[in-house]
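See below for the structure under consideration.
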Amino acid sequence: MLQFSLREMAKFLSVFSVRNLLVLSLALNVSLVLRVLVSHDSQNGSFNGFFIEKQNGPQEEAHASKGARLSSSVSSSSSSPLTTAQGDQDRVINLDHGDPTMYENYWQKKGDETTIVIPGWQFMSYFSDPRSLCWFLEPEFAKQVVRLHKVVGNAVTENRHIVVGTGSTQIFQAALYALSPRTEAEPISVVSAAPYYSSYPLITDCLKSGLYKWAGDARSFSKNGPYIELVTSPNNPDGFVRHSVVNRSEGILIHDLAYYWPQYTPISSPANYDLMLFTVSKSTGHAGMRIGWALVKDEDVAKRMTKYIELNTIGVSKDSQLRAATILKVISNSCERSDGEGDSFFEFSYHLMAKRWKQLREAVHQSGLFSVPDFPPQFCNFLNRVFEPQPAFAWVKCEGEIEDCESFLRGKKILTRGGKHFGVSPKYVRISMLDRDKNYDTFVERMSMIQS
Ligand SMILES: Cc1ncc(COP(=O)(O)O)c(C=O)c1O
């Protein structure tokens, strides 16, 4: 242990002038004040990237909008002291982004069936299967992807390459990279029919790529030459089944099938497109795992997508892939042994979505100020019944005089995403149907009471 005598201490201090000591004390005080501010702000959530506010333009899927910044922690926490103190009437309900927390109840009931333990020495290498086209794809994850598609019957997996990504968001970028021609002088146009998923334009243009460029609504796209059309089916935000709209010979299609699962829409046949995107975020509710996958027909396209992910993140978390594999396996098991007792994941989520859509339609009817789309019923081969689509988002229109539905609902402390983010009129808003029960119930109750 170090021991200072008083004489040594005096000698040490004599090195500093009074000015030095003043500066030192000022620096210590400033750092103390900063510490207090930082810890205060992080308690309020504003040091969490999830709440970072953007000043201009639409927000990405997981980024809260301006109004949402203040309130996300309130609406997403079921035990917030603020909630209890203010009561449900004053609580801000944030349904701006599609965070799939509604699924927590199911997975909680599954208990240890989905628990995985990964010892510190395992899965350390970058590589999963060096001989495979997608060398960072975990074989067990690939196996469970194929199995689940077979069980549900929602996509053809034969003669397809699987490319795994950090969410379907990364896979989407890999697809743009892989499909863009290298020989053109100009970037290829990327289009999607409005209302389109609000993140497409943001992701497409975020790096101002020389390979591809957002070109807006596919319905008004008239430029000659090659283009990429994004077909989201069922569509985010409006839930309708979609097909390509441009239909020209030089078109390249990406089918985003994030919502082609039986809790949202009848499964009429296995999707059989050249490039199909899926994600655990909306199928199982595990958005935080950040796992998506593509089923790709063309080997060269799959190779280029793999290359992009290699350049972008040198692969995809093995821990997440293994966790996702377990979740998919438990779902397939639950479907195969389903005895009508409600154990099947898709039975559970189908019934929950049906209940929520019924509640919403009643609330909309009672209020008289809003409308929601009607969907034609169809037979679902997987659930073996006829039903109307019950999308993950409600595409709500403010009827009558209200021109800005997002602002109108913000005034009622309901945070939504307005039509302009999706390339259409501000009379529309998108509302997440996937929040926790408590928030959803408060939301429909409040909607039903809104009068002009
Ligand atoms: C149509 C569509 N594609 C992709 C995504 C993003 O999925 P991920 O969380 O896997 O990046 C979303 C998320 O809302 C979506 O709605």
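Residues: numbered from 1 along the sequence shown.
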Using distance alone, with no hydrogens and no angle criterion, decide if [X] and [Y] have a side-chain donor and acceptor under 3.5 Å apart.
X: Ser432; Y: Asp435; value: no
X: Glu140; Y: Gln144; value: yes
X: Gln170; Y: Thr313; value: yes
X: Asp256; Y: Tyr200; value: yes
X: Asn236; Y: Arg430; value: yes

Q: Decide yes or no on side-chain hydrogen bond (donor to acceptor under 3.5 Å, both in side chains) for Ser198 and Arg417, but give the supporting numbers first.
A: CA-CA 9 Å; Ser198 51; Arg417 195 172 297 185; 2.8 Å; yes
Under a 3.5 Å distance rule, please check whether [X] uses its side chain to pair with a backbone N or O of [Y] as donor and acceptor.
X: Arg337; Y: Ser344; result: no
X: Glu406; Y: Gly418; result: yes
X: Lys318; Y: Ser125; result: yes
X: Thr265; Y: Pro389; result: no
X: Ser233; Y: Arg242; result: yes
X: Gln321; Y: Glu138; result: yes
X: Ser320; Y: Val316; result: no
X: Thr306; Y: Ala302; result: yes
X: Asp205; Y: Trp214; result: yes
X: Ser332; Y: Lys329; result: no

Any side-chain heavy-atom pair of [X] and [Y] under 4.5 Å:
X: Lys412; Y: Met449; answer: no
X: Met276; Y: Arg160; answer: yes
X: His243; Y: Val231; answer: no
X: Leu277; Y: Phe172; answer: yes
X: Gln359; Y: Asp441; answer: yes
X: Tyr264; Y: Leu434; answer: yes
X: Phe379; Y: Asn384; answer: yes
X: Val191; Y: Val246; answer: yes

(Q) Under the salt bridge (charged side-chain N to carboxylate O under 4.0 Å, His left out) definition, can you give me all pairs with a residue in residues 371-399, not counting sequence neighbours? (A)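 Residue pairs with at least one partner in residues 371-399: Glu347-Arg385, Arg361-Asp374.
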With sequence neighbours excluded, residues passing side chain to side chain donor-acceptor pair (under 3.5 Å) with [X]:
X: Asp217; value: none
X: Tyr177; value: none
X: Thr204; value: none
X: Thr157; value: none

If the condition is ring-ring contact (aromatic ring centres under 6.0 Å, His included), which residues does [X] pass it with, not counting sequence neighbours?
X: Phe382; answer: Phe346
X: Phe370; answer: none
X: His286; answer: Trp107

Q: Using the six-membered ring of Tyr440, assess whether NZ or CZ of Arg356 lies under 6.0 Å from its centre and within 45 degrees of the ring axis.
A: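 Output yes; distance and angle both within limits.
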Quick check, are the ring centers of [X] and [Y] under 6.0 angstrom apart?
X: Phe136; Y: Phe127; result: no
X: Phe348; Y: Tyr103; result: no
X: Phe422; Y: Tyr197; result: no
X: Tyr126; Y: Trp135; result: no
X: Tyr260; Y: Phe278; result: no

Q: Given side-chain hydrogen bond (donor to acceptor under 3.5 Å, both in side chains), test Arg91 with Thr442 step by step and report yes or no.
A: CA-CA 9 Å; Arg91 195 158 61 93; Thr442 308; 2.9 Å; yes
**Q.** Nearest non-hydrogen partners of Pro181 and Ile188, listed with the distance
**A.**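 That closest heavy-atom pairing would be CD-CD1, 3.6 Å.
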**Q.** Trace of the side chain to side chain contact (heavy atoms under 4.5 Å, CB included) decision for Arg446 with Lys413
**A.** CA-CA 9 Å; Arg446 201 174 294 170; Lys413 296 198 166 81; 3.4 Å; yes
Q) In terms of ring plane angle, is the pair Phe345 and Tyr106 parallel, tilted or perpendicular, where the classes change at 30° and 60°? A)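 Plane angle over 60°, so perpendicular.
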Q) Using 4.0 Å as the upper bound for N to carboxylate O, is an ion pair formed by Glu104 and Arg436? A)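 Glu104 and Arg436: salt-bridged.
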**Q.** Salt bridge flag under 4.0 Å for residues Asp404 and Arg410
**A.**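 Result for this pair is no, no salt bridge flagged.
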Q. Among pairs that include at least one residue of residues 182-194, which meet side-chain hydrogen bond (donor to acceptor under 3.5 Å, both in side chains), considering only residues two or more places apart or in two chains?
A.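 Output for this query lists Glu186-Lys223.
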Q: Could you pull out all residues at least two apart from Glu158 that satisfy salt bridge (charged side-chain N to carboxylate O under 4.0 Å, His left out)?
A: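 Listed in chain order: Lys150.
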With a sphere of 6.0 Å drawn around [atom1] of [X], does it hold more than 12 non-hydrogen atoms of other residues, nucleotides or ligands?
X: Tyr212; atom1: OH; value: yes
X: Lys213; atom1: NZ; value: no
X: Asn247; atom1: CG; value: yes
X: His351; atom1: NE2; value: yes
X: Leu207; atom1: CG; value: no

Q: Decide yes or no on side chain to side chain contact (heavy atoms under 4.5 Å, CB included) for Leu369 and Phe408, but give the supporting numbers first.
A: CA-CA 11 Å; Leu369 271 191; Phe408 176 75; 3.8 Å; yes
Taking distance alone, no hydrogens or angles, what donor-acceptor pairs closer than 3.5 Å link side-chain atoms of residues 292-299 to residues at least two apart or in another chain?
| unit_1 | atom_1 | unit_2 | atom_2 | d |
| --- | --- | --- | --- | --- |
| Trp293 | NE1 | His149 | NE2 | 3.0 |
| Asp298 | OD1 | Asp300 | N | 2.9 |
| Asp298 | OD1 | Val301 | N | 3.0 |
| Glu299 | OE2 | Lys303 | NZ | 3.2 |

Q: Could you pull out all residues at least two apart from Cys405 that satisfy disulfide (SG to SG under 2.5 Å)?
A: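 Testing Cys405 for disulfide (SG to SG under 2.5 Å), a comparison that skips the adjacent residues, returns Cys398.
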